Structures are given as C-alpha cells and as structure tokens.
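The structure presented is a predicted model; accordingly, all values stated were derived computationally and were not measured.
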Amino acid sequence: MALLNILTYPDPRLNKVAKPVANIDARIRTLVADMIETMYEAKGVGLAATQVDVHERLLVMDVSEEHDEPLVVINPRVVWQSEEMVVNDEGCLSVPGFSGDVERHAEIHIEFENEIGDTHKLEATELLAVCIQHEMDHLIGKVYVEYLSPLKRGRIKTKLIKEAKEALKDNA
C-alpha cells in the first residue's frame with residue numbers, strides 16, 4: 001500500500017468530472033487500499049478518487065467511532081433523497097484547515113458496487129449521509145467551498161494559494 005497525494009483546493013483537477021469505473025480489477029483494489037490508507041493517515045472520514053487525481057467514480061469512507069469500518073463505494077447512484085435538509089459544519093482533506101456550513105439532504109439512499117464487484121444498496125442518515133453527499137460531489141467536480149458565500153470562498157482560496165506558494169519557496 002502507498003500514501004497518495006491529496007489535491008488541494010483550488011487545484012483545477014478537483015473540478016474534473018469522474019467517469020464510471022469500467023472494470024473492478026486488481027488496479028482498482030490497489031487504489032482502494034491506497035485511498036483507505038491515505039484517508040486514515042490524513043485523519044479524514046472520506047476520500048474520493050478525484051481528490052487523489054484519479055477521475056473515476058470511486059470513494060472510500062469510515063464514519064465509525066473506532067475508524068475501523070471502511071466503506072468502499074464504486075459507481076454510486078442516488079436512488080432517493082429526503083426532502084428534509086440538514087446543515088452541518090463540513091471540512092475536507094482537499095481544503096485543509098477550513099470548514100463551513102453546508103446544507104444537505106438528511107437521508108439518502110444509494111446503489112453501488114464494492115471492491116469485488118458486488119452490488120449493494122445503502123440507506124444513510126446523519127454523518128454517513130452527509131459524507132456520501134460530500135464525496136459524491138467530488139465525483140462531479142464540486143468542492144464543498146462552492147456552497148459557501150463568494151466572500152468566504154475567496155478568503156479560503158487566497159489563503160491556500162499563499163500557503164502553497166510559501167511551501168514551494170521553503171522547499172526550494
């Protein structure tokens with residue numbers, strides 16, 4: 001297994017739309033293992049393939065208390081979502097050090113394949129529902145900051161660009 005590089009907002013690769021996973025094979029299973037390791041190392045609860053510059057419809061997450069129940073979601077499809085909405089303070093591994101309030105559906109039902117190609121249905125509420133919607137947004141090229149006000153989004157973008165430039169200068 002290997003740790004993967006997580007793209008940081010406003011990297012334009014985060015806005016690419018992911019394509020369906022055509023074949024669930026050894027390459028995908030290796031990617032899944034690497035993504036899970038990367039997510040745990042970064043102390044996240046979810047990671048979409050888009051965030052590691054692989055533009056296929058694949059995400060991993062773990063919202064368990066012990067962080068020992070990874071969920072692999074390949075080619076997810078929303079089959080139902082509640083009309084009831086909830087607002088949560090969301091963060092993102094691609095937007096380190098920031099968070100913001102995002103409104104999402106309180107409950108969501110999805111169909112997907114796992115890493116061995118079996119089809120599953122999942123009815124999610126609370127943090128799992130939020131995490132699924134957040135990660136599925138990555139698959140359509142959307143980062144949670146796009147839900148924030150233009151002012152807050154601009155401040156985050158400016159600060160992250162400045163931090164990236166300083167990191168480059170420090171490594172030179």
Please work out whether the ring planes of Trp80 and His109 are parallel, tilted or perpendicular, with thresholds of 30° and 60°.
tilted

Check ion pair Arg104-Asp137 (N to O, under 4.0 angstrom):
yes

Hydrophobic clusters here meaning ILVMFWY residues chained together by side-chain heavy-atom distances under 4.5 Å, can you tell me if Val102 and Met136 are in one?
no

Inter-residue atom distance Glu123.CD - Ile108.CD1, 0.5 Å rounding
11.5 Å

About how many Å separate NZ of Lys157 and CG of Leu148, when rounded to the nearest 0.5 Å?
13.5 Å

Pair Glu56 + Arg27, salt bridge at N-O below 4.0 Å
yes

Quick check for you: to the nearest 0.5 Å, what is the distance between Leu58 atom CG and Thr50 atom OG1?
9.0 Å

Distance col, row Ile28:CD1 vs Ile116:CD1, nearest 0.5 angstrom, shows 14.5 Å

Under a single-linkage definition using a 4.5 Å side-chain heavy-atom cutoff for Ile, Leu, Val, Met, Phe, Trp and Tyr, are Ile6 and Leu31 assigned to the same hydrophobic cluster?
yes

Under a 3.5 Å distance rule, please check whether Glu135 uses its side chain to pair with a backbone N or O of Ile132 as donor and acceptor.
no

If you define the side chain from C-beta out and look only at heavy atoms, does anything of Val145 sit under 4.5 Å from Cys92?
no

Residue pair Asn75 / Val21: nearest heavy atoms and the distance that separates them:
OD1-N, 2.7 Å

From OH (Tyr144) to OH (Tyr9), nearest 0.5 Å:
9.5 Å

Thinking salt bridges, do Glu113 and Arg77 make one under a 4.0 Å N-O criterion?
yes

Taking the side chain from Glu69 and the backbone from Ser64, do they hold a donor-acceptor pair closer than 3.5 Å?
no

Looking only at side chains, do Glu90 and His134 share a donor and an acceptor under 3.5 Å apart?
yes

Side chains of Val45 and Asp62 in contact at under 4.5 Å (non-hydrogen atoms):
no

Is there a side-chain contact between His105 and Gln133 in this structure, where contact means two heavy atoms from C-beta onward sitting under 4.5 Å apart?
yes

Leu59 versus Leu47: any side-chain heavy-atom pair under 4.5 Å?
no

Ile74 vs Phe112 side-chain heavy atoms within contact, under 4.5 Å:
no

Do the side chains of Lys165 and Leu168 get nearer than 4.5 Å, heavy atoms only?
no

For Asp53 and His55, does a side-chain donor sit closer than 3.5 Å to a side-chain acceptor?
yes

Val143 reachable from Leu4 in the ILVMFWY side-chain graph, under 4.5 Å edges
no

Hydrophobic clusters here meaning ILVMFWY residues chained together by side-chain heavy-atom distances under 4.5 Å, can you tell me if Tyr40 and Met61 are in one?
no

Kindly indicate whether the side chain of Val52, heavy atoms from C-beta on, has any atom under 4.5 Å from the side chain of Met35.
yes

Residue pair Asn15, Glu146: steps toward the side chain to side chain contact (heavy atoms under 4.5 Å, CB included) verdict
CA-CA 11 Å; Asn15 299 118; Glu146 294 173 43; 3.4 Å; yes

So with a 6.0 Å cut-off around CZ of Arg29, is the heavy-atom count from everything else above 12?
yes

Write down the atom of Ala129, the atom of Ala106, and the distance for their closest heavy-atom approach.
CB-O, 3.8 Å

Please assess Leu71 against Leu128 for the test side chain to side chain contact (heavy atoms under 4.5 Å, CB included), listing each intermediate value before the final yes or no.
CA-CA 10 Å; Leu71 175 64; Leu128 182 57; 4.2 Å; yes

With a cut-off of 6.0 Å (strictly less than), are more than 12 heavy atoms of other residues, nucleotides or ligands near CD of Glu111?
yes

More than 12 non-hydrogen atoms from neighbouring residues, nucleotides or ligands closer than 6.0 Å to CD on Glu83, yes or no?
no

Side-chain heavy atoms under 4.5 angstrom apart, residues restricted to Ile, Leu, Val, Met, Phe, Trp, Tyr: same cluster for Ile110 and Val63?
yes

Starting at CG of Asp118, measure out to CD1 of Ile24 and round the result to the nearest 0.5 Å.
8.5 Å

Looking only at non-hydrogen atoms, find the nearest pair between Leu93 and Ala42 and report the distance.
CD2-O, 3.6 Å

Other residues, nucleotides, ligands: >12 heavy atoms within 6.0 Å of Glu163 CD:
yes

cation_pi(Lys142, Tyr147) dist<6.0 Å, angle<=45:
yes

Starting from the C-alpha separation in whole Å, work towards a yes-or-no answer on side chain to side chain contact (heavy atoms under 4.5 Å, CB included) for Asp89 and Ser99.
CA-CA 6 Å; Asp89 185 37; Ser99 67; 3.0 Å; yes

List the steps and the verdict of side chain to side chain contact (heavy atoms under 4.5 Å, CB included) for Leu3 and Asp34.
CA-CA 6 Å; Leu3 290 177; Asp34 292 346; over 6 Å; no

So do Leu139 and Pro76 actually touch side chain to side chain, heavy atoms under 4.5 Å?
yes

Note: Gly100 and Lys152 closest approach over all heavy atoms is CA-NZ, 3.9 Å

Ser82 (side chain) donor-acceptor with Glu107 (main chain) under 3.5 angstrom:
yes

